[in-house]
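Worth saying up front: this structure is predicted, and the values here are computed from it rather than measured. Just so it is clear: chains get the letters A, B, ... in the order the sequence lines come, proteins before strands, and each one is counted from 1.
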There are 2 protein chains.
Amino acid sequence: MQPKLKDIANALGVSPASVSNALRGTGRVSAELAERVRAEADRLGYRPGPAGRALRTGRSQMLGLILPDLSNPLFPRMAQAIQRQSETAGYGILIADSHGDRGGQEEAIARMLQRGVDALVIIPRRGTVIETLPVPHALIDTPSTPGNTVSADHRGGGATIVRHLAERGHSSLVLIGDSDASPVQRDRIAGMRESLGEGMTATTAWLEEDGISTCLEAIGRGATAIATTSDLVALQILGPLNEAGIEVPEQVALSGFDDLVFASVMRPALTTLVADSNAIGSHAIETLTAILEGRPSPPPMRVPMTLIPRASTALKTNPRQETIPC
Amino acid sequence: MQPKLKDIANALGVSPASVSNALRGTGRVSAELAERVRAEADRLGYRPGPAGRALRTGRSQMLGLILPDLSNPLFPRMAQAIQRQSETAGYGILIADSHGDRGGQEEAIARMLQRGVDALVIIPRRGTVIETLPVPHALIDTPSTPGNTVSADHRGGGATIVRHLAERGHSSLVLIGDSDASPVQRDRIAGMRESLGEGMTATTAWLEEDGISTCLEAIGRGATAIATTSDLVALQILGPLNEAGIEVPEQVALSGFDDLVFASVMRPALTTLVADSNAIGSHAIETLTAILEGRPSPPPMRVPMTLIPRASTALKTNPRQETIPC
DNA sequence: CTGAAAGCGCTTACAG
DNA sequence: CTGAAAGCGCTTACAG
């Protein structure tokens with residue numbers, strides 16, 4: 001049986017109120033009594049039970065984390081960062097995924113609220129708008145999403161990879177994503193387009209819309225670099241490129257996004273960009289705990305994406321090279 | 001403000017006790033009153049608050065999930081399966097990871113207990129023994145781990161891939177894992193070794209112990225197939241093979257384990273084996289809820305691993321082919 | 001069949 | 001500085 005507050009009070013012949021005050025540093029308690037209480041609490045290994053505290057304070061000391069899809073390879077890092085940060089802040093993390101659809105997201109939020117979470121961290125489904133919620137919440141989506149609390153600077157990442165390719169002599173690019181229904185992917189592509197330099201051209205393609213063909217055609221017309229919105233997209237393009245006899249990076253440069261687990265280990269190793277998940281997680285948690293604890297809450301934050309140059313874009317390309325027959 | 005039990009009682013002019021009994025189907029309540037209570041509860045959108053219930057019943061209706069490392073690519077699927085199953089059973093899931101070491105695992109367990117979880121699902125760190133715990137727990141490790149509740153049949157998976165390779169004419173194999181400190185990997189390799197047929201030979205290697213060199217040497221001596229313990233290991237071997245001028249699957253067959261996200265999309269697509277995460281998750285949750293709710297708890301379970309044949313082992317190999325110069 | 005009462009373990013005004 | 005009391009929202013014996 002776990003020791004209770006009353007056990008300490010009885011052992012010391014004082015009231016439970018004084019024990020509680022001594023342990024929390026609230027109310028007036030003499031230093032001497034406080035010390036005796038702490039010693040006895042340590043001896044017994046006492047920890048306040050969550051149920052009694054929650055009932056009295058109205059706070060569960062738990063945060064809910066809503067993910068669109070736990071099996072998405074990008075989310076584990078976020079979940080890990082958020083879990084560790086919230087633990088440091090003294091909150092537990094309840095998880096739920098949105099079961100792949102929008103109704104699922106609303107249900108997941110409703111379940112979390114019923115379980116009494118003090119606040120929510122939400123990584124929303126593509127383009128979902130979060131209605132008013134009865135608890136504070138932090139949104140991790142894209143800087144262009146209204147109400148976004150913190151996220152990677154996807155647009156800046158797009159700009160960075162295009163500059164990287166430009167420095168290597170690439171002037172004709174293919175920009176390719178999975179789906180333009182994704183705000184994250186749209187922002188990455190937008191950032192790429194915005195920073196095309198003088199004389200640079202780019203074809204945009206989406207995997208959903210026969211993007212592989214579009215991509216191969218553009219290469220046939222002289223494109224020398226493919227900037228994708230995700231390592232997974234890059235990996236999916238590698239096969240068709242090989243089959244078409246196009247070598248990476250010798251004939252075409254290729255880049256990804258997110259530094260997924262296979263990016264460093266595939267051949268050629270994939271140039272990619274990644275944001276610091278811990279920075280994102282800690283800003284989300286800091287924002288929430290600030291609100292919960294009455295501190296001033298920080299402004300929204302945009303975490304930069306860092307380029308990780310690898311073999312897939314290592315070669316300098318002569319912008320006037322012959323076009324590859326397709 | 002969320003409606004309380006008392007609000008329903010007041011609105012109907014009955015006691016909170018009757019409302020509680022009506023809603024839970026316990027105690028004696030007339031059908032007529034039960035119906036009125038349900039109607040009013042629906043109208044108000046009443047849900048019992050978790051704090052009051054937890055304090056009274058001693059149950060939090062939450063399960064803790066302890067993972068060695070949330071960022072491990074294998075765990076998201078498990079976490080997702082467990083989360084969904086426990087949700088169906090009416091339990092929330094608190095997550096914690098072990099921060100990469102054994103002490104971290106013990107701390108994570110202690111934190112979960114302090115938060116009042118009713119039971120734990122533990123995917124233990126390599127070779128960790130779980131001491132006695134004050135709540136029921138389900139262990140997901142390997143069938144050979146004492147106290148294991150449910151897990152994939154890693155040994156059977158090893159046997160399956162070796163038979164698959166044997167059918168394709170391979171008789172000289174390399175079996176390679178990351179680390180023999182991992183019970184899962186040891187079981188997979190053991191299953192492989194056990195089912196080597198007549199006249200088959202195999203070299204075992206570990207990445208940790210310069211396994212790549214061992215592997216290349218074995219191929220130099222005539223091995224025609226590499227069975228790895230993980231898709232990630234297979235991916236890591238592909239580069240050195242390419243550099244050595246060894247083609248997959250033309251000269252050497254290659255297989256993985258776990259069907260990670262890149263396995264189907266890499267080139268060549270990777271033959272692999274996978275267990276049904278939902279089956280594992282639901283057995284773990286069923287075991288725990290059975291104990292918590294006083295039902296007979298099911299025996300330990302071993303979930304079969306299914307072969308997913310892909311291009312990387314598609315070719316029949318002549319066992320007497322020339323050896324490749326190394 | 002129904003309701004009044006007690007109590008789960010805490011914290012927080014409040015009185016002394 | 002310290003303690004007695006009330007109460008957070010529920011559920012469960014128990015009395016009527």
Side-chain angles (χ1 to χ4, degrees), chain A residues 1-38 40-41 44-62 90 113-118 134 292-294, chain B residues 1-38 40-41 44-62 90 113-118 134 292-294:
Chain A
M1 192 61 189
Q2 278 286 97
K4 310 299 179 191
L5 198 58
K6 208 194 335 180
D7 299 329
I8 301 179
N10 289 346
L12 262 38
V14 302
S15 77
S18 292
V19 174
S20 178
N21 282 326
L23 256 22
R24 329 188 69 242
T26 59
R28 263 89 287 270
V29 180
S30 66
E32 185 267 341
L33 178 54
E35 185 44 43
R36 280 170 60 214
V37 167
R38 271 193 298 272
E40 183 67 8
L44 262 37
Y46 169 78
R47 313 283 335 204
R53 166 184 294 188
L55 187 56
R56 175 66 222 226
T57 63
R59 290 285 173 82
S60 64
Q61 295 294 114
M62 293 190 311
L113 295 175
Q114 273 166 36
R115 293 201 180 277
V117 297
D118 295 335
L292 290 172
E293 292 159 16
Chain B
M1 192 62 188
Q2 278 285 97
K4 310 297 178 191
L5 198 57
K6 208 195 333 182
D7 299 329
I8 301 180
N10 289 345
L12 262 39
V14 300
S15 77
S18 292
V19 174
S20 178
N21 281 327
L23 255 22
R24 328 188 70 243
T26 58
R28 263 86 292 268
V29 179
S30 68
E32 185 267 342
L33 177 55
E35 185 45 42
R36 281 170 58 212
V37 168
R38 272 192 298 271
E40 183 66 9
L44 262 38
Y46 169 79
R47 314 283 336 205
R53 166 184 295 190
L55 187 55
R56 176 65 224 225
T57 62
R59 290 284 174 85
S60 63
Q61 295 294 115
M62 292 190 311
L113 294 175
Q114 273 167 34
R115 292 200 180 277
V117 297
D118 294 335
L292 290 172
E293 292 158 17

> CD1 of A/I8 to OG of A/S20: how many Å apart, nearest 0.5 Å?
Replying inline: 10.0 Å

> Tell me, which of residues 10-23 of chain A have any heavy atom that sits under 4.0 Å from an atom in DNA chain C?
Replying inline: A/A17, A/S20, A/N21

>> Closest-nucleotide mapping onto DNA chain C: is B/S30 or A/R47 further toward the 5' terminus? I mean the 5' end.
In response: B/S30

> Rounded to the nearest 0.5 Å, how far does CG of B/L113 lie from CZ of A/R47?
Replying inline: 12.0 Å

> So do B/Y46 and B/V19 actually touch side chain to side chain, heavy atoms under 4.5 Å?
Replying inline: no

> Salt-bridged, A/E32 to A/R36, with N to O below 4.0 Å?
Replying inline: yes

> Say you draw a straight line from CG of A/N10 to CG of A/L5; how long is it, rounded to the nearest 0.5 Å?
Replying inline: 10.0 Å

> Minimum heavy-atom separation for A/G116 to A/S60, with atom names?
Replying inline: O-OG, 2.7 Å

>> With nearest nucleotide decided by heavy atoms, which residue, B/T57 or A/R24, maps closer to the 5′ end of DNA chain C?
In response: B/T57

> Roughly how far, to the nearest 0.5 Å, is CG of B/D118 from OG1 of B/T57?
Replying inline: 7.5 Å

> Dot-bracket for DNA chain C, 5' to 3', counting Watson-Crick or G-U wobble pairs under 3.5 Å, with [ ] for crossing pairs and | for inter-strand pairs?
Replying inline: |||.||||||||.|||

> If you take all heavy atoms of A/R38 and A/A22, which pair is closest and at what distance?
Replying inline: NH1-O, 4.2 Å

> Between which nucleotides of DNA chain C, 5' to 3', does chain A make heavy-atom contacts below 4.0 Å?
Replying inline: C/dG9 to C/dT12

> Looking only at heavy atoms, which two atoms of A/Q61 and A/G90 are closest? And how far apart?
Replying inline: NE2-O, 3.3 Å

> Atom CD in A/Q2, atom CG in A/L44: separation rounded to 0.5 Å?
Replying inline: 9.5 Å

